Amino acid sequence: RYLSNLMIEAYGKCHSPQLALETFHAIKNPNLFSYNIVIEACAKNGWIDNARSLFDRMPLQHVISWTTILAAYAQARDLAQARKLFDSMPERTLVSWTAILGAYAQEGEIEKAKVVFDLMPERNIISWNALLAAFAQHGHLESAELFFDSMPEHNVSSWNAIMDAFAQDNQLQKTLHFFQAMAERDLISWTCVITAYSLAGHLVLARKTFDSMPERDLVTWTAMIQAYAHNGEPHKARELFEKMPFHNVVASTAMVAAYTFRGQMDEARKLFDSLTKVNMVTWNTMLTGYSQHGHLEQARAIFDTMPERDTSSWNVLIAAYAQAGYLVEAEKLLTRMERLDEASWTALIVAHLYHGHLHEAKSIFDSMTVRD
RNA sequence: UCACUACUUACUGAAUUG
């Protein structure tokens with residue numbers, strides 16, 4: 001059983017919830033660990049309903065089981081369910097508190113995150129980091145830095161979080177300052193620096209950093225490819241892409257984006273067609289490429305072919321029609337969408353303005369249900 | 001048989017839309 005539990009965990013980490021479940025069901029007397037592990041294996045791979053029904057059916061729910069399923073809902077961005085679980089838990093540990101705090105942090109519910117933080121009976125460095133991340137990842141750089149300075153201690157995650165906040169805000173000097181100030185650095189710290197250089201347009205320095213790192217992983221490689229992509233160097237991106245020890249869908253999509261960014265749609269297409277694994281982001285990348293480089297027909301073909309669409313797929317196509325002057329078609333698409341966001345409306349408004357239809361733009365603006 | 005121990009949950013980095 002001990003070995004089976006390890007197997008289930010391994011399958012979960014390898015994104016094989018199916019095998020994890022099979023292994024679990026083959027155990028004659030699953031213990032608490034077996035349940036907790038299989039629940040997490042399902043949850044982490046998006047099988048939240050399986051996770052939930054296992055949780056509901058398990059003989060005795062430990063606080064760890066509760067926290068696992070709570071974290072699963074948080075990861076699925078179902079804040080309401082996460083909160084409901086938190087409120088109904090028979091007992092809570094520091095981990096449970098930090099999990100709900102992290103859920104609010106992730107959704108940018110800063111005020112609620114603060115409340116949780118203040119209410120927690122105890123805190124550790126991870127709780128502090130969770131609230132720090134709430135500030136850092138939602139553009140509250142000043143609060144983030146103040147909070148960072150007020151923390152009783154820092155670990156490498158704290159440093160990385162604050163450093164990345166400034167990197168994403170394209171404050172290169174500040175980013176480097178934190179990087180130099182930290183006592184120990186890990187892969188994440190180094191990868192942040194690559195991103196910072198890339199966003200600031202310093203490709204050579206980004207590459208120098210990449211070359212001088214003590215070690216690299218898939219994310220590091222992808223960050224460097226993205227650096228070339230973002231700065232309009234698909235050729236160099238490809239060189240690196242070919243040298244990578246492994247590819248995953250994120251790396252491949254970054255490479256596709258390197259081509260689409262420059263409008264090299266034939267190259268993009270060739271790569272896209274050769275990929276064995278793509279996801280919605282990859283499809284959206286192709287869709288965006290065709291849209292932004294005047295290939296409306298191809299964009300539509302992609303849109304109609306892709307297995308599923310998210311809000312940004314719709315937004316891209318709407319913007320493409322709108323920019324090309326097919327405002328009626330754009331509006332028609334807009335009415336067919338299930339979940340609009342601000343970008344959908346903005347695309348249409350901008351298009352009307354671009355074509356001098358001030359009145360229509362205004363009336364669309366007025367009819368919006370949400371604005372940011 | 002019992003006990004002990006071990007395995008499970010929370011924070012930071014990479015790809016697509018204004």
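What you are looking at is a predicted structure, and each value in this text was computed from that prediction instead of being measured. Because only heavy atoms are used, hydrogens play no part in the values below, and waters and symmetry mates are left out as well, while side chains stay in.
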Distance-only donor-acceptor hits, side chain of residues 59-66 of chain A, under 3.5 Å, sequence neighbours excluded:
residue: A/Gln61; atom: NE2; partner: A/Phe55; partner atom: O; Å: 2.7
residue: A/His62; atom: ND1; partner: A/Ile64; partner atom: N; Å: 2.9
residue: A/Ser65; atom: OG; partner: A/Asn36; partner atom: OD1; Å: 2.7
residue: A/Ser65; atom: OG; partner: A/His62; partner atom: N; Å: 3.0
residue: A/Ser65; atom: OG; partner: A/His62; partner atom: O; Å: 3.2

Donor-acceptor pairs under 3.5 Å, side chain of residues 115-124 of chain A to any protein atom, not counting sequence neighbours: which ones?
residue: A/Arg123; atom: NE; partner: A/Phe117; partner atom: O; Å: 2.9
residue: A/Arg123; atom: NH2; partner: A/Phe117; partner atom: O; Å: 3.0
residue: A/Arg123; atom: NH2; partner: A/Asp118; partner atom: O; Å: 3.2
residue: A/Asn124; atom: OD1; partner: A/Ile126; partner atom: N; Å: 3.0
residue: A/Asn124; atom: OD1; partner: A/Ser127; partner atom: N; Å: 3.0
residue: A/Asn124; atom: OD1; partner: A/Ser127; partner atom: OG; Å: 2.8

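Here the P atom of nucleotide B/U8 and the CG atom of A/Leu32 are 12 Å apart, to the nearest Å. Nucleotide B/U9 holds its C1' atom 8 Å from the CG atom of A/Asn36, rounded to whole Å. Put simply, OH on A/Tyr35 is 15 Å from C1' on B/U8, counting in whole angstrom units. Between A/His154 atom NE2 and B/C11 atom C1' there is a gap of 13 Å when expressed in whole angstrom units. The CG-C1' distance, from A/Leu187 to B/U12, rounds to 12 Å in whole Å. In this structure, A/Tyr73 atom OH and B/A10 atom C1' are separated by 18 Å, rounded to whole Å. Rounding to whole angstrom units, CD1 of residue A/Ile37 and C1' of B/U8 are separated by 5 Å.
A/Arg238 and A/Tyr259 share a donor-acceptor pair across their side chains, judged by distance under 3.5 Å alone. A/Thr67 and A/Ser96 share a side-chain donor-acceptor pair at under 3.5 Å. Side chains of A/Arg300 and A/Tyr321: a donor on one and an acceptor on the other come within 3.5 Å. Side-chain atoms of A/Thr220 and A/Asp217 include a donor-acceptor pair closer than 3.5 Å.
For residues 230-242 of chain A, proximity to RNA chain B is found at no residue, defined as any non-hydrogen atom under 4.0 angstrom from a strand atom. At a non-hydrogen distance threshold of 4.0 Å, A/Lys44, A/Ile64, A/Thr67, A/Thr68, A/Ala71 from residues 41-72 of chain A come into contact with RNA chain B. At a non-hydrogen distance threshold of 4.0 Å, A/Val95, A/Thr98, A/Ala99 from residues 83-113 of chain A come into contact with RNA chain B.
Residues satisfying the salt bridge (Lys or Arg N to Asp or Glu O under 4.0 Å) criterion with A/Lys362, sequence neighbours excluded, are A/Asp366. Take A/His235 and apply the ring pair (Phe, Tyr, Trp, His ring centres under 6.0 Å) test, not counting sequence neighbours, and it matches no residue. For A/Asp266, the side chain to side chain donor-acceptor pair (under 3.5 Å) criterion is met by no residue, not counting sequence neighbours. Considering only residues two or more places apart in sequence or on other chains, A/Asn248 meets the side chain to side chain donor-acceptor pair (under 3.5 Å) condition with none of them.
Pairs of residues two or more places apart, or lying in two chains, that qualify as side-chain hydrogen bond (donor to acceptor under 3.5 Å, both in side chains) and include a residue from residues 143-152 of chain A are A/Glu145-A/Lys174.
Counting non-hydrogen atoms under 4.0 angstrom, A/Asp186 reaches nothing in the nucleic acid.
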Expected rows: protein N/O vs nucleotides 14-18 of chain B N/O, under 3.5 Å:
residue: B/A14; atom: OP1; partner: A/Gln168; partner atom: NE2; Å: 3.3
residue: B/A14; atom: N1; partner: A/Asn248; partner atom: ND2; Å: 3.4
residue: B/A14; atom: N3; partner: A/Thr222; partner atom: OG1; Å: 3.4
residue: B/A15; atom: N1; partner: A/Asn279; partner atom: ND2; Å: 3.1
residue: B/U16; atom: O4'; partner: A/Thr285; partner atom: OG1; Å: 3.1
residue: B/U16; atom: O2'; partner: A/Thr288; partner atom: OG1; Å: 2.8
residue: B/U16; atom: O2; partner: A/Asn284; partner atom: ND2; Å: 2.9
residue: B/U17; atom: O2; partner: A/Asn315; partner atom: ND2; Å: 2.9
residue: B/G18; atom: N2; partner: A/Thr346; partner atom: OG1; Å: 3.0

Item to check | A/Trp190 vs A/Phe179, side-chain contact (heavy atoms from CB on, under 4.5 Å): CA-CA, chis, key distance, verdict | outcome: CA-CA 8 Å; A/Trp190 285 91; A/Phe179 183 74; 3.9 Å; yes
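Hydrophobic cluster membership of A/Val249, counting Ile, Leu, Val, Met, Phe, Trp and Tyr whose side-chain heavy atoms lie under 4.5 Å apart directly or via other members: A/Val250.
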